Chemist: 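Here it is: the structure, laid out below.
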Amino acid sequence: MTDFFKYQALGNDYVVIDPRSTGLPVTPETVRLVCDRHFGIGADGVVHGPLAEPRPGVPVPLALFNSDGSVCGRSGNGLRMFALHLADRDAGSWATGEPFTLRTTAGDSPVRILDRAAGTVQVGLGIPVFDAAALPLLNEDGTPAEGSTLSVPLTVGEHKLTVTALDNGNPHTVVPVDAPTPELARDLGPRIAGHARFPHRTNVQFLRVVSRGVLEIEVYERGAGYALASGSSACAAASAARRLGLCDDRVEVRMPGGSVTVALAADGAVTLTGEVRQVATGDFAPALRALLDPTPEASR
């Protein structure tokens with residue numbers, strides 16, 4: 001039996017732990033160790049699933065975790081990786097190109113394997129919410145904010161910013177800038193992610209509108225730090241840009257790891273399409289497994 005399956009989407013990497021293959025308990029502590037790039041396997045997050053035997057026509061439940069062990073409500077790339085995992089392992093109806101549904105704590109997401117050989121997978125992330133109470137977003141004085149989160153002023157140290165916040169299964173804050181760079185994301189990203197006005201913390205996208213059909217972003221994730229790519233972040237940036245009238249209904253979103261395509265329906269519903277690759281499968285070495293599962297039964 002195989003303990004883990006590792007996938008990447010434009011450099012955004014996740015480890016899939018399938019309970020049908022291993023009895024490893026998945027906890028915040030084990031997630032942190034698995035994702036550690038020095039003492040574990042290394043990843044931006046963990047997908048644990050399926051959490052029930054998958055059956056055609058029935059939503060497949062799974063759990064998503066950030067590398068810091070926190071729960072991730074919905075990951076555009078993580079869902080696409082898990083969809084390909086089902087097609088790789090179970091084949092059958094999952095690999096036919098027909099849509100099926102994955103279920104997370106953020107709700108149901110339709111997915112489709114467009115090209116299994118090329119790893120092209122599509123996922124729907126629903127309609128994002130631009131509402132301060134739903135995020136939630138606080139006012140400068142710490143009281144709950146109300147109303148739209150489009151073009152909200154945000155002070156971060158010496159920086160006076162205008163940001164757009166939204167929720168598409170995770171909270172996001174889109175920051176239009178002239179030149180998004182890794183240095184900017186690494187410096188300002190954590191300061192925005194942990195800002196007092198975002199009590200649940202927030203993912204951050206630094207956005208440049210290249211044209212009405214092309215966006216460029218740098219990403220800082222609240223639970224994983226600087227990322228080469230993020231599917232839900234690409235969707236958040238596209239959704240914000242569309243609501244602000246800065247882009248068309250179909251855009252290419254460029255990130256350091258590569259590009260994805262985001263399509264926006266008239267009602268705001270978002271569909272993400274891009275490539276996913278399996279990069280490794282394997283078993284946890286006895287010494288690592290002992291740390292991941294210290295119960296006496298695990299050592300037998």
Side-chain angles (χ1 to χ4, degrees), residues 7-14 16 44-45 47 59-60 62 64 66 72-87 94 97-116 118-130 164 166-172 174 203-205 207 209-210 213-219 221 224 227-243 246-277:
Y7 291 79
Q8 64 86 16
L10 311 180
N12 183 205
D13 54 346
Y14 275 73
V16 175
D44 290 323
V47 184
V60 181
L62 64 139
L64 294 159
N66 299 308
C72 175
R74 179 183 281 144
S75 164
N77 285 343
L79 290 172
R80 295 191 304 113
M81 293 179 209
F82 186 73
L84 188 62
H85 170 70
L86 286 179
W94 315 113
E98 292 300 313
F100 56 97
T101 301
L102 299 180
R103 176 165 291 171
T104 69
T105 57
D108 290 354
S109 295
V111 293
R112 181 184 302 212
I113 310 296
L114 299 181
D115 187 331
R116 183 180 173 190
T120 307
V121 184
Q122 185 178 84
V123 62
L125 296 188
I127 301 173
V129 176
F130 294 83
T164 291
L166 65 139
D167 190 294
N168 62 8
N170 292 307
H172 296 272
V174 181
N203 299 308
V204 186
Q205 299 81 39
L207 164 69
V209 178
V210 179
V214 179
L215 307 178
E216 177 185 352
I217 63 171
E218 288 280 352
V219 177
E221 295 189 328
L228 293 176
S230 166
S232 63
S233 288
C235 293
S239 296
R242 187 68 187 91
R243 286 291 293 267
L246 302 175
C247 71
D248 295 331
D249 294 336
R250 185 178 180 87
V251 295
E252 174 191 356
V253 182
R254 297 174 179 171
M255 296 167 283
S259 299
V260 294
T261 299
V262 178
L264 303 128
D267 63 357
V270 181
T271 302
L272 168 71
T273 305
E275 292 185 358
V276 176
R277 300 287 186 186

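Predicted, not measured: the structure shown is a model, and the values here were computed from it.
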Chemist: Quick one, Met255 with Leu10, criterion side-chain contact (heavy atoms from CB on, under 4.5 Å). Give me CA distance, side-chain angles, the key distance, then yes/no.
Modeler: CA-CA 8 Å; Met255 296 167 283; Leu10 311 180; 4.0 Å; yes
Chemist: Identify the two heavy atoms, one from Ser75 and one from Leu64, that lie closest to each other, and give their separation to 0.1 Å.
Modeler: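 Ser75 and Leu64 have their closest heavy atoms at N-CD1, 3.5 Å.
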Chemist: Is Asn203 reaching over with its side chain to a backbone N or O of Pro171, donor-acceptor style, under 3.5 angstrom?
Modeler: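 Present.
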Chemist: Might you point out which heavy atoms bring Ala238 and Cys247 nearest each other, and give the distance in Å?
Modeler: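 Heavy-atom minimum between the residues: O-SG, 3.9 Å.
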Chemist: Shortest non-hydrogen contact from Ala9 to Arg80?
Modeler: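 Where Ala9 meets Arg80 most closely, the heavy atoms are CB-NH2, 3.7 Å.
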Chemist: Looking at CG of Leu207 and OG of Ser233, how far apart are the two atoms once the value is rounded to the nearest 0.5 Å?
Modeler: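 So the CG of Leu207 and the OG of Ser233 are separated by 11.5 Å.
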Chemist: Roughly how far apart are Asp249 CG and Arg242 CZ, rounded to 0.5 Å?
Modeler: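 The distance works out to 4.5 Å.
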Chemist: Work out which heavy atom in Ala106 is nearest to a heavy atom in Gly169; give both atom names and the distance.
Modeler: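 Minimum heavy-atom contact is CB-CA, 3.8 Å.
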Chemist: Evaluate the side-chain contact (heavy atoms from CB on, under 4.5 Å) criterion for residues Val174 and Ile217: first the C-alpha distance (whole Å), next the side-chain angles of each, then the deciding distance (0.1 Å), finally the verdict.
Modeler: CA-CA 9 Å; Val174 181; Ile217 63 171; over 6 Å; no
Chemist: Can you tell me how far CZ of Arg254 sits from CD of Glu218, rounded to the nearest 0.5 angstrom?
Modeler: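 Taking CD in Glu218 and CZ in Arg254, the distance rounds to 13.5 Å.
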Chemist: Closest approach of Leu84 and Gly119, non-hydrogen atoms and distance?
Modeler: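 Minimum heavy-atom contact is CD2-CA, 4.4 Å.
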Chemist: Does Thr104 use its side chain to pair, donor to acceptor, with the backbone of Gly73 at less than 3.5 Å?
Modeler: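 The answer is yes, because a donor-acceptor pair under 3.5 Å joins these two groups.
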Chemist: Looking at every non-hydrogen atom in both residues, tell me the closest pair between Gln205 and Ala236 and how far apart they are.
Modeler: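 Closest pair (atom of Gln205, atom of Ala236, distance): OE1-CB, 3.9 Å.
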Chemist: Just by distance, do the side chain of Asp13 and the backbone of Asp44 share a donor-acceptor pair under 3.5 Å?
Modeler: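 Confirmed, Asp13 side chain pairs with Asp44 backbone.
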Chemist: Is it true that atom CZ of Arg116 has more than 12 heavy atoms of other residues, nucleotides or ligands lying nearer than 6.0 Å?
Modeler: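 Counting neighbours around CZ of Arg116, more than 12 heavy atoms of other residues, nucleotides or ligands fall under 6.0 Å, so yes.
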Chemist: Go through the steps for Val270 and Val262 under the test side-chain contact (heavy atoms from CB on, under 4.5 Å), then give the verdict.
Modeler: CA-CA 7 Å; Val270 181; Val262 178; 3.6 Å; yes
Chemist: With rounding to the nearest 0.5 angstrom, report the CD to OG distance, Glu275 to Ser259.
Modeler: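 So the CD of Glu275 and the OG of Ser259 are separated by 10.5 Å.
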Chemist: How long is the straight-line distance from OG1 of Thr120 back to CG of Leu114, given to the nearest 0.5 Å?
Modeler: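 Output value for this atom pair is 6.5 Å.
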Chemist: Counting N and O atoms only, with roles assigned by atom type, does the side chain of Arg74 sit under 3.5 Å from a partner on the main chain of Asn168, one being a donor and the other an acceptor?
Modeler: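 Flag set: sc Arg74 to bb Asn168 pair under 3.5 Å.
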Chemist: Could you grab the distance from atom OG1 of Thr271 to atom CZ of Arg112, nearest 0.5 Å is fine?
Modeler: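 Taking OG1 in Thr271 and CZ in Arg112, the distance rounds to 10.0 Å.
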Chemist: Under 3.5 Å, side chain of Asp108 to main-chain N/O of Arg103, donor-acceptor pair present?
Modeler: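 Pair absent, no side-chain N/O of Asp108 close to backbone of Arg103.
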Chemist: Could you list the residues that satisfy ring-ring contact (aromatic ring centres under 6.0 Å, His included) with Phe130, not counting sequence neighbours?
Modeler: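 Phe130 satisfies ring-ring contact (aromatic ring centres under 6.0 Å, His included) with no residue once adjacent residues are dropped.
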Chemist: Below 4.5 Å, heavy atoms only, C-beta onward: do Phe82 and Val16 meet side chain to side chain?
Modeler: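 They are in side-chain contact.
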Chemist: Between Leu86 and Leu102, is a side-chain contact (heavy atoms from CB on, under 4.5 Å) present by the stated rule, with each step listed?
Modeler: CA-CA 11 Å; Leu86 286 179; Leu102 299 180; 4.2 Å; yes
